[in-house]
*Asks:* 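This is the structure, below, for whatever I ask next.
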Amino acid sequence: MAKLIYSAITSLDGYVADANGNFDWAVPDEKVHTFVNDLERQVGTYLYGRRMYEVMVYWETETSIPDQPRFVRDFGEIWRAADKIVYSRTLETVSSARTRIERDFDPGAVGRMKASAGRDLSVGGPELAAQAIRAGLVDEFHLFLTPIVVGGGTRSLPDDVRVELELLDERRFGNGMTHLHYRIRHVRDGAARTSGEAG
Ligand SMILES: NC(=O)c1ccc[n+]([C@@H]2O[C@H](COP(=O)([O-])OP(=O)(O)OC[C@H]3O[C@@H](n4cnc5c(N)ncnc54)[C@H](OP(=O)(O)O)[C@@H]3O)[C@@H](O)[C@H]2O)c1
């Protein structure tokens, strides 16, 4: 059974992008990038929300940029070698190889993919990942905390769900980022409601 992994580089207060949509403060340095590359090598299929895909598709044409450092080229090679599924109700076409569009997030279909895949799957960004987390499909989190508080923006984790975690590993990087690797032990959707409100 393959794992479904949610990875995100977030601010300390839990945002993947700030209120202006910027995440330039989340750019990994060489050490973090190399560590991320090693994690990504285990992933055979990326499940992307359309907005995350529009950021990541940059890597399809990254080879056209001269003199990229080795760790950047490595990430591009890993990305291009993986399969991608883009979830979107609006996207007409994709501009990367090994990529298909799905119009709905079907938890049953993702569960079947996990059962049949030879390598792990990953899910991002947060809007799509929230659906996989709520459905109990996500097995592990890799969170990279950036030493910044941005005060608002796009949350990395969903509201109204309770997720009990086991810390598997942690690592501190010289640029102040911290990596936290968690296994998901239990998910309870709608956790913020009181028992009186739950229906
Ligand atoms: N911190 C970092 O290092 C970093 C890196 C990359 C990106 N980012 C940021 O991450 C954010 C992207 O995450 P996000 O949460 O905003 O968006 P997302 O989850 O990547 O994408 C959301 C989109 O996915 C589609 N979608 C979601 N659920 C669906 C469903 N059930 N069925 C079909 N389509 C579905 C919809 O596309 P349609 O509207 O087309 O239907 C929806 O608008 C952006 O703010 C980006 O700038 C941060």
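One-based numbering, in listed order, for ligands and for the atoms of each.
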*Asks:* Any ion pair linking E170 and R172 (charged N to carboxylate O, less than 4.0 Å)?
*Replies:*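 Salt bridge between R172 and E170, a charged N being under 4.0 Å from a carboxylate O: no.
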*Asks:* Check F23 against ligand 1 and report side chain, backbone, both or neither, counting heavy atoms closer than 4.0 Å.
*Replies:*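 It is the side chain that touches ligand 1; the backbone stays farther off.
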*Asks:* Going by distance only, is there an N or O of E102 that falls short of 3.5 Å from an N or O of ligand 1?
*Replies:*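 Checking ligand 1 against E102, no N or O pair falls under 3.5 Å apart.
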*Asks:* Below 3.5 Å, N or O to N or O, backbone or side chain included: is there any such pair between L91 and ligand 1?
*Replies:*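 By distance alone, the answer is no.
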*Asks:* Does this structure show an ion pair linking R70 with E77, if we count only N-O contacts that are shorter than 4.0 Å?
*Replies:*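 Salt bridge flag = yes for E77 with R70.
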*Asks:* Side chain, backbone, both or neither: which part of T90 has a heavy atom under 4.0 Å from ligand 1?
*Replies:*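 It is both parts that get close, each with some atom under 4.0 Å.
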*Asks:* Establish, from distance only, whether the side-chain atoms of S96 and Y53 form a donor-acceptor pair under 3.5 Å.
*Replies:*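 Yes - a donor-acceptor pair under 3.5 Å links their side chains.
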*Asks:* Are any of the N/O atoms in I9 less than 3.5 Å from those in ligand 1?
*Replies:*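 Checking ligand 1 against I9, an N or O pair does fall under 3.5 Å apart.
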*Asks:* Give the single entry among R51, R103, Q131, R155 that approaches atom 17 (O) of ligand 1 most closely by any heavy atom.
*Replies:*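 Closest candidate by heavy-atom distance is R51.
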*Asks:* Which is closest to atom 13 (O) of ligand 1 in terms of heavy atoms, P158, P126, A17?
*Replies:*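 The nearest heavy atom belongs to P126.
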*Asks:* Is any side-chain heavy atom of R80 closer than 4.5 Å to one of E62?
*Replies:*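 Yes, their side chains come closer than 4.5 Å.
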*Asks:* Classify the ring geometry between H142 and H181 as parallel (under 30°), tilted (30 to 60°) or perpendicular (over 60°).
*Replies:*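 Rings of H142 and H181: parallel, as their planes differ by under 30°.
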*Asks:* Treating Ile, Leu, Val, Met, Phe, Trp and Tyr as nodes and any side-chain heavy-atom pair under 4.5 angstrom as an edge, say whether V138 and L39 lie in one connected cluster.
*Replies:*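 Per the 4.5 Å side-chain linkage, V138 and L39 are not co-clustered.
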*Asks:* Looking at atom 25 (C) of ligand 1, would you say a protein heavy atom lies below 4.0 Å from it?
*Replies:*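 Yes, there is one.
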*Asks:* Looking only at non-hydrogen atoms, which of V86, V16, T146 approaches atom 10 (O) of ligand 1 most closely?
*Replies:*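 Result: the heavy atom closest to atom 10 (O) of ligand 1 is in V16.
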